[in-house]
Amino acid sequence: MPRLRLLSSLILLATLSLATAQPNAHDTTNEGSLDRLLDDIERATYRSSSVDVERQLEALETRIDDATPRQQHRFELLRIRILARSGRLDEAAERSSRLVESLGAMDPDLAQRALNLATNVLVVDGRFDEGFRYFRRALDHAPAVADPQMRADTYSVAAEFYDRIGETATAVSYADQALALARQHGLDRQACIALERGARALLHSRGLVEAAARMNSAITTCERAGESVFKGQAELGLAIARHELGEPEQASALIEQAATTFARAEFPEGLLELRVTRAEWALADGDLERLEELLAEIEPQLDRPGELDVRARAWHLRAELAERLGDRYAALDAFRRAMTLRQERSERQRTMRIALLINEQDTAARSQELTMLRDRNRALELEHERRQQADLGLIYGGSGALVAAILVIVLLFKTGSDRKRFQRMSQRDGLTGLLNHTRFFQLAHQAYQRCRQQERPFVIVVADIDLFKQINDEHGHLLGDAILQRTGTCLREAFGDDALIGRLGGEEFGIALPGEDTDAAVARIEHLRAVINESRAENEPSITLSFGVAERGRERDLDALYARADQALYDAKDAGRNRVVTVARLVLESARFTT
């Protein structure tokens, strides 16, 4: 399950230095002294709490009125970061939007920093369209920015966003670019962030061995940079990787280390995810007493704003505990809360993905239109030159005009063809040829509503290749890609042309079956399970898949149904993999049975 962290891209762990605590020690009306003071805030106070930083910023605020524009912009950037870190996202978002309006008056490095910060704050605050517009501007401007720190920060932001929408390969690529810049210029803090973000993307894609190596390097680099929050996140990520690699003792030691780091940094979201992870381990070990103790610790945080996935995991654990203690009503209530949060998270992720893809398509379309206009203008210039050559005669003039017209028509046709090709590419997964995440859910939503209006059955299936990470580790990613391609082919053959089939990310697939019920879906799945390994090459290992199946009942939209199928897949994995778990329709009960 993805381990997303809400405010990791917004952190500035800053407090003022001793000189700030004793304002009379410096003449802060002096421009150079104020610059040094702002340098101290950015450079020397990574380990203190946001409360301490905010108090010191308030003490400095009265002196900023007489500062230079650059100093005022630096101060405002610091204030926005602290507001975001302390959870006041709405205020931080409004200040970010106002600050970006004055980009033309900023130095290039501060303008890039403002774009990066505004992107993070607005996206975390749910204002995706506005945030991704700033993101695209920051990414486009990054190569021209002289300050390598600003370029590295921009690529790290890109890694964060692509990881959030499930594009882990792209996320790792941007993290690698940020890391290369940071190492080239000796930027330890930027290297720390790039290592942690690249490792997190690998952890989400089940590349546990490489993720562990990067997390280990991130811990050392973050310690050297004095970056407490990302160090704690790297320690937690390494603990998760070690636990899933079958090294529980190392995992326990690392998670204790992360708890200490988060506590010192006063980072509540990190502590919440850490405790939820501990609770999941306690459940896996059957230690219900420890599970109940951990859930009691985190319960006050569950209704506060924050990362949806972490809170959904916590409510799922609460449901499991209640069920084992025989409290059916509490279990049902907790399960519904978990399902609601997972549904909201799924919708949020899809909205982010659509907003990001739309911005990318708009950029590509504008580029094609500019190319077309340049070509057309060149054709017109050639035509003008031709007309000036009187010795060619009228007949050549007519022929030249015809050629120019044909050229323009050809260019327009090519542009239209390229746009259609780009649109097709944006709707399909490049490896398997199946629908991509965004297009699958667009079409599935439409099909679901039609079935609901016509009172026809509708089934959604979520499938996952078992132990795919081990296949990649043991046989390499090329063979892993071949298995994904073969799986896509088998899915098309098993479910037919009437099914909507998409690759949702990594080794996970979605199948929507309009007009079919659970029995028909399970029959198709059993056929697929029987033939999945028949067409494999000699060097390919045999594979198994786990399936979650849910049929339309009283759900008002596809998201609710998908959340139930996704939970069923989770149960199939938890029960040992290589099985089908179906969810009874809501008009009956929320019980499950395994086939």
Provide the closest heavy-atom pair for [X] versus [Y] in the form atom of the first, atom of the second, distance.
{"X": "Val459", "Y": "Val549", "result": "CG1-CG1, 3.6 Å"}
{"X": "Ala159", "Y": "Ala175", "result": "CB-N, 3.7 Å"}
{"X": "Pro541", "Y": "Arg486", "result": "O-NH2, 4.0 Å"}
{"X": "Leu317", "Y": "Val276", "result": "CD1-O, 3.8 Å"}
{"X": "Ala234", "Y": "Ala218", "result": "CB-CB, 3.8 Å"}
{"X": "Phe230", "Y": "Arg197", "result": "CZ-NH2, 4.1 Å"}

ask   = How are the rings of His243 and Trp281 set relative to one another: parallel (under 30°), tilted (30 to 60°) or perpendicular (over 60°)?
value = parallel
Those residues at least two apart in sequence (or on a different chain) that pass side chain to side chain donor-acceptor pair (under 3.5 Å) with Asn472 are none
Atom [atom1] in [X], atom [atom2] in [Y]: separation rounded to 0.5 Å?
{"X": "Ile255", "Y": "Leu274", "atom1": "CD1", "atom2": "CG", "answer": "4.0 Å"}
{"X": "Phe440", "Y": "His445", "atom1": "CZ", "atom2": "NE2", "answer": "9.5 Å"}
{"X": "Ile298", "Y": "Arg278", "atom1": "CD1", "atom2": "CZ", "answer": "11.5 Å"}
{"X": "Gln257", "Y": "Ile219", "atom1": "CD", "atom2": "CD1", "answer": "6.0 Å"}
{"X": "Arg242", "Y": "Met215", "atom1": "CZ", "atom2": "CE", "answer": "11.5 Å"}
{"X": "Lys231", "Y": "Cys222", "atom1": "NZ", "atom2": "SG", "answer": "8.5 Å"}

Does a side-chain N-to-carboxylate-O contact under 4.0 Å join [X] and [Y]?
{"X": "Glu269", "Y": "Arg311", "value": "yes"}
{"X": "Arg214", "Y": "Asp176", "value": "yes"}
{"X": "Glu323", "Y": "Arg328", "value": "no"}
{"X": "Asp466", "Y": "Lys573", "value": "yes"}

What I'd like to find out is whether the side chain of [X] reaches to under 4.5 Å of the side chain of [Y], using heavy atoms alone.
{"X": "Asp566", "Y": "Tyr562", "value": "yes"}
{"X": "Leu484", "Y": "Phe468", "value": "yes"}
{"X": "Val462", "Y": "Tyr570", "value": "no"}
{"X": "Leu545", "Y": "Arg529", "value": "no"}
{"X": "Phe509", "Y": "Asp464", "value": "no"}
{"X": "His475", "Y": "Gln470", "value": "no"}
{"X": "Arg552", "Y": "Arg452", "value": "yes"}
{"X": "Ile471", "Y": "Ile543", "value": "yes"}

Quiz item: Run the side chain to side chain contact (heavy atoms under 4.5 Å, CB included) check on Leu435 and Ile501 step by step: do they pass?
Solution: CA-CA 6 Å; Leu435 298 170; Ile501 309 172; over 6 Å; no
Is there a donor-acceptor contact under 3.5 Å linking the side chains of Gln190 and Ser156?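 Side-chain D/A pair, Gln190 to Ser156: absent.
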Taking atom types as modelled, is there a side-chain donor on His204 or Asp163 under 3.5 Å from an acceptor on the other?
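Per modelled atom types, His204 and Asp163 side chains form a pair under 3.5 Å.
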Residues which pass salt bridge (charged side-chain N to carboxylate O under 4.0 Å, His left out) with [X], listed by chain and number, not counting sequence neighbours:
{"X": "Glu508", "result": "none"}
{"X": "Asp574", "result": "none"}
{"X": "Lys469", "result": "Asp473"}
{"X": "Glu507", "result": "none"}

Say whether, by atom type as modelled, one donor and one acceptor occur between the side chain of [X] and the main chain of [Y] under 3.5 angstrom.
{"X": "Arg564", "Y": "Ala550", "value": "no"}
{"X": "Ser546", "Y": "Leu569", "value": "no"}
{"X": "Glu227", "Y": "Arg189", "value": "no"}

The criterion is side-chain contact (heavy atoms from CB on, under 4.5 Å); which residues satisfy it with Ser173, sequence neighbours excluded?
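Gln177.
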| request: Output all residues satisfying side-chain contact (heavy atoms from CB on, under 4.5 Å) with Asp188, sequence neighbours left out; order by chain, then residue number. | output: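 Asp188: side-chain contact (heavy atoms from CB on, under 4.5 Å) contacts with Arg224, Ala225.
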Contacts of [X] that satisfy ring-ring contact (aromatic ring centres under 6.0 Å, His included) - sequence neighbours left out:
{"X": "Phe547", "answer": "none"}
{"X": "Tyr448", "answer": "Phe458"}
{"X": "Tyr174", "answer": "Tyr162"}

Name the atoms and distances for all side-chain donor-acceptor pairs under 3.5 Å in residues 285-297, with sequence neighbours left out.
from: Asp287; atom 1: OD1; to: Arg290; atom 2: N; distance (Å): 3.1
from: Arg290; atom 1: NH1; to: Glu293; atom 2: OE2; distance (Å): 3.0

Working note: Glu526 + Val580, criterion side chain to side chain contact (heavy atoms under 4.5 Å, CB included); need CA distance, chi angles, decisive distance, verdict. CA-CA 9 Å; Glu526 293 302 339; Val580 185; 3.8 Å; yes
Tabulate below the donor-acceptor pairs under 3.5 Å that side-chain atoms of residues 331-339 make, not counting sequence neighbours, or state none.
from: Asp333; atom 1: OD2; to: Arg337; atom 2: NE; distance (Å): 3.3

Open item on the list: Using the rule given for side chain to side chain contact (heavy atoms under 4.5 Å, CB included), can you reason through Leu504 versus Phe441, listing the C-alpha separation, both sets of side-chain angles and the distance that settles it, and then say yes or no?
Closed with: CA-CA 9 Å; Leu504 305 186; Phe441 280 104; 3.9 Å; yes
Item to complete: Just do the side chain to side chain contact (heavy atoms under 4.5 Å, CB included) check on Arg503 and Asn436 with the steps written out, would you?
Response: CA-CA 5 Å; Arg503 184 183 176 198; Asn436 64 19; over 6 Å; no
